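This report refers to the structure that appears directly beneath it.
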Amino acid sequence: MGDERLVEASGVERPTPAVLVVNDRESQRVAIRAMLAPLGLEVVEVDSGRGALRAVLHQTFALILMDVRMPTMDGYETANLIRQRSQTKRTPIIFVTSFGPDDTETLTAYASGAVDFIFTPVQPDVLRAKVSVFVDLFVQARELQRSLASITTLNGALRDSEASTQAVLDNVADGILTAGSGGLIESFNRSAGALFGHSGERLIGRPLEFVIAPACRDEFRGLSTGPGGLLGNDAGQHQAVETLGQRQDGSTFPMEVESGEMRLGDQILTLLFVRDISERKAHIESLEHQALHDALTGLANRTLFGEHLLRALFAARRNGEPRAVLVMDLDGFKRVNDTLGHEQGDALLEQVAERLVGALREADTIARLGGDEFAILPGGPTDLATASEVAFKIERTCAIGFQLEQEVVQVSASIGIALFPEHGTTTAELLRRADMAMYVAKRSGSGHAVCDAAAEKQTAHQLALLVDLRQCIAREQLVLHYQPKINLVTREISGVEALLRWHHPIHGLMGPGSFMAEVERTELITPVTRWVLDEALRQQRVWRYEGVDLTMAVNISARSLGPNSSLPATVAELTETWGTPPEQLVLELTESAVIEAAAPEILDRLHGMGERLSIDDFGTGYSSLAYLQRLPVDEIKIDRSFVMRLEEETDQAVIVRSTIDLAHNLGLTVVAEGVEDQTPLDMLVAYGCDSAQGYFFSPPCTADELTKWLTESPYGAATGVGR
Ligand code: C2E
Ligand code: MG
Ligand code: MG
């Protein structure tokens, strides 16, 4: 009977193991072929399920990589047909599929006994690790069939010669044990002796199962081969089975077992082929570990996290249990990376990973998704309360300072939580929504936040905006509007304030209130500030050349006043470029910006260059004039909230009046913002306010509109435009 086992499962056998790639997209086939190239395999490509069926008729494949989504006959259907042929029944199939909308399909396939999965975008390491495993198995099975063939051939020549048979067996690399009809061991070769640590005759007479670890013996009880035997299948083909072998000293090792039969004279012997697969297993494990773990922290990577989550969701769906996904990001990581260098940044990430592992339970999956982003899948059913507890634990453990080489740094965690099933039912959806919630947490500084549709919409909007914002300068979508400042003594225009506007291709003209906060939060603040200064000074020069001298006020945000500010250099360069007389540039700094300014010396530098400094929104920042007196400030702008209530509230009038008096005593000029009506204007004039700005005179308008206003408005007369 041995002969029939020697026949190839189907088709022609070739020396190089072959892999069949079934995929309707050429680009994916080409990519997979390129990824597999280092393995030196024969790669056969077909573009349909039908093509796959034809290919397996002609050739034996070590493995099939099957696309799930294909027109006419999909991957599962094709796989089922391949499995129905006895010759290809055992050919391993790896399905290539994607997370997200395919999740449910994937689950179906798991249930239908797929060998394995690879998720797109295919990661080369993962693909190669998985393919290597199956190709190794295939090659070993083929070698074994060869040994068996030679033994059987020799058997004919050396019939009845037990000594010769032993000589042959000893020269086979696999361990081989033979048993008589009772299943008791009659002989074993040298390799088997070495494998189990049995010299002499201690194995002889024991049942074959004796070499298998007791915990695994049950499945091998009554070990026999051939049709109906445990290790044989109905087609009489033998099959390698993985189990644990046991040595004489009781230690165990991963072992592959295969069995066969041999006729020796009139006796039928059972042969057991065994081999130690510890090395192969260790190699595969290390390959898989590399492909599925983050090299820096040793935590799971995104792929492994996705797989764990997928399995967890499958179980949760079946058992009707809630699960949670947490995504966390470190606040302050970028600062560490930027100021202390990448090595210190890496050291910080390693310590964070260690703390997470220490703080969470073993059943929880902790992954590094990339950069300073981590994800946690708490093990077992997780409702909102449990997920929040996990988040608190993480926040607490991250709140303690991290000791780096030179210093202790403080970072904090922002965590987003998404729950299954209420916030999403697929891995992709849950990760995305946890990520959104994380942004919400980061923005509000609240530590952790749970997925919330309204906040998410807002965040999505802001994120989309941010993407657009990065392009706004290059796409020339920014514009400046100008609002006149009127000298209340001469009743004539003294200058303009430049106010930023963004011509958004979809949302239309947007004021700074809807995007400036985002700009200030990011590194965009530097190029945007530069653009505003450049454009304002350019326009001022245009007016100057037309004979209109106007001071130009530009708003500067607090972020531009940090310790390493490039602002003085930019101002110096641009005033030089446009030939701006320094005293004709006013920098408006909000009161809070000035108080927060970590480096007051920057104000001295700007002032020293001749620029005038103005405190914007005065009265909203709780600073006292006495404090401002110590700073090199020339002007205050009384916030419009005070000006607008002048009429109704007498105490507002008192505040405004005394502020004007005090400022004058300190040698500061006073500008009133938000003058909309005649009455407050009259009051301001009566209080001795120097200048005013507001809709009463003109709303902010384009440069052309302002030029027109200069000729038409009585307040524009001083410029002589149009005369
Ligand atoms: P701000 O510097 O206090 O500018 C005055 C704001 O009041 C402007 O709003 C202006 O349109 C508005 N306004 C003027 N007159 C009246 C009035 O009579 N009644 C009322 N209700 N409002 C009036 P806008 O243009 O939306 O600017 C808002 C803020 O955005 C500015 O406040 C300023 O802090 C900031 N900003 C504007 N442009 C820039 C810029 O180029 N850079 C920076 N960093 N911030 C800017
Ligand atoms: Mg201003
Ligand atoms: Mg203001």
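Values in this document were obtained by computation on a predicted structure and should not be read as measured data. Just follow the structure's listing: the first ligand is 1, and inside any ligand the first atom is 1. All values below come from the heavy atoms of this structure, side chains included, with hydrogens, waters and symmetry mates left out.
- Of all the heavy atoms of Met644, the ones lying under 4.0 Å from any atom of ligand 1 belong exclusively to the side chain.
- Here is the list of ligand 1 atoms found below 4.0 Å of a heavy atom in Met516: 42 (N), 43 (C), 44 (N).
- In summary, the atoms of ligand 1 found under 4.0 Å from a heavy atom of Glu673, numbered by their order in the structure, are 3 (O).
- In this structure the side chain of Glu611 reaches within 4.5 angstrom of the side chain of Thr575, judged on heavy atoms.
- Side-chain polar atoms of Ser514 and Trp502 form no donor-acceptor pair below 3.5 angstrom.
- The shortest separation from a heavy atom of Ser557 to ligand 1 is under 4.0 Å, placing the residue in contact.
- Looking at Tyr695 next to ligand 1, an N or O pair under 3.5 Å apart turns up.
- You'll find the side chain of Ile493 stays beyond 4.5 Å of the side chain of Phe697, heavy atoms only.
- Contact annotation: Lys637 has no heavy atom less than 4.0 Å from any atom of ligand 1.
- The structure places NE2 of His342 at 5.0 Å from CG of Asn337, a figure rounded to the nearest 0.5 Å.
- In the vicinity of Glu588, heavy-atom distances shorter than 4.0 Å reach the ligand 1 atoms 2 (O).
- By the criterion of a heavy-atom distance under 4.0 Å, the side chain of Asp617, and not its backbone, is placed next to ligand 1.
- Residue Asp616 approaches ligand 1 through these ligand atoms, each under 4.0 Å from one of its heavy atoms: 1 (P), 2 (O), 3 (O).
- Counting only heavy atoms from C-beta outward, the side chains of His504 and Gln477 never approach each other to under 4.5 Å.
- You'll find the side chain of Met516 reaches within 4.5 Å of the side chain of Val519, heavy atoms only.
- By heavy-atom distance, the residue among Leu533, Asn555, Asp639 lying nearest atom 43 (C) of ligand 1 is Asn555.
- Taking every non-hydrogen atom of Gln483 and a distance limit under 4.0 Å, the qualifying atoms of ligand 1 come out as 14 (C), 15 (N).
- Within the 4.0 Å heavy-atom shell around ligand 1 one does not find Gln693.
- No side-chain heavy atom of Glu492 sits under 4.5 Å from any side-chain heavy atom of Ile486.
- Proximity of Leu500 to ligand 1, defined as any heavy-atom pair under 4.0 Å, is shared by backbone and side chain alike.
- Listed by number with element, the atoms of ligand 1 under 4.0 angstrom from any heavy atom of Val532 are 41 (O).
- For a threshold of 3.5 Å applied to N or O pairs, the pair formed by Glu520 and ligand 1 contains no separation below that value.
- One N or O on the side chain of Gln540 and one on the backbone of Leu550 form a donor-acceptor pair closer than 3.5 Å.
- Ring orientation note: the planes of Trp709 and Tyr715 are close to parallel, at an angle under 30° on the 30°/60° scale.
- Rounding to 10 degrees, one finds that the Mg ion (ligand 2) sits at the corner of an angle of 90° between Asn555 OD1 and Asp616 OD2.
- When Pro512, Ala553, Ala672 are checked for heavy-atom proximity to atom 27 (O) of ligand 1, Pro512 turns out nearest.
- The N, O or S atom of Glu588 with the smallest distance to the Mg ion (ligand 2) is OE1.
- The shortest side-chain heavy-atom distance between Glu673 and Asp639 falls under the 4.5 Å cut-off.
- Ligand-side atoms of ligand 1 in range of Pro700: 11 (O), range being under 4.0 angstrom from any heavy atom.
- Close approach of ligand 1 to Gly694 (heavy-atom distance below 4.0 Å) involves ligand atoms 15 (N), 18 (O).
- Ligand 1 has no atom lying under 4.0 Å from any heavy atom of His481.
- Within the coordination shell of the Mg ion (ligand 2), defined by N, O or S atoms under 2.8 Å, Glu673 is absent.
- Contacts of Arg640 with ligand 1, taken as heavy-atom pairs under 4.0 Å, involve the side chain alone.
- Between Thr702 and Val479, every side-chain heavy-atom pair lies at or beyond the 4.5 Å cut-off.
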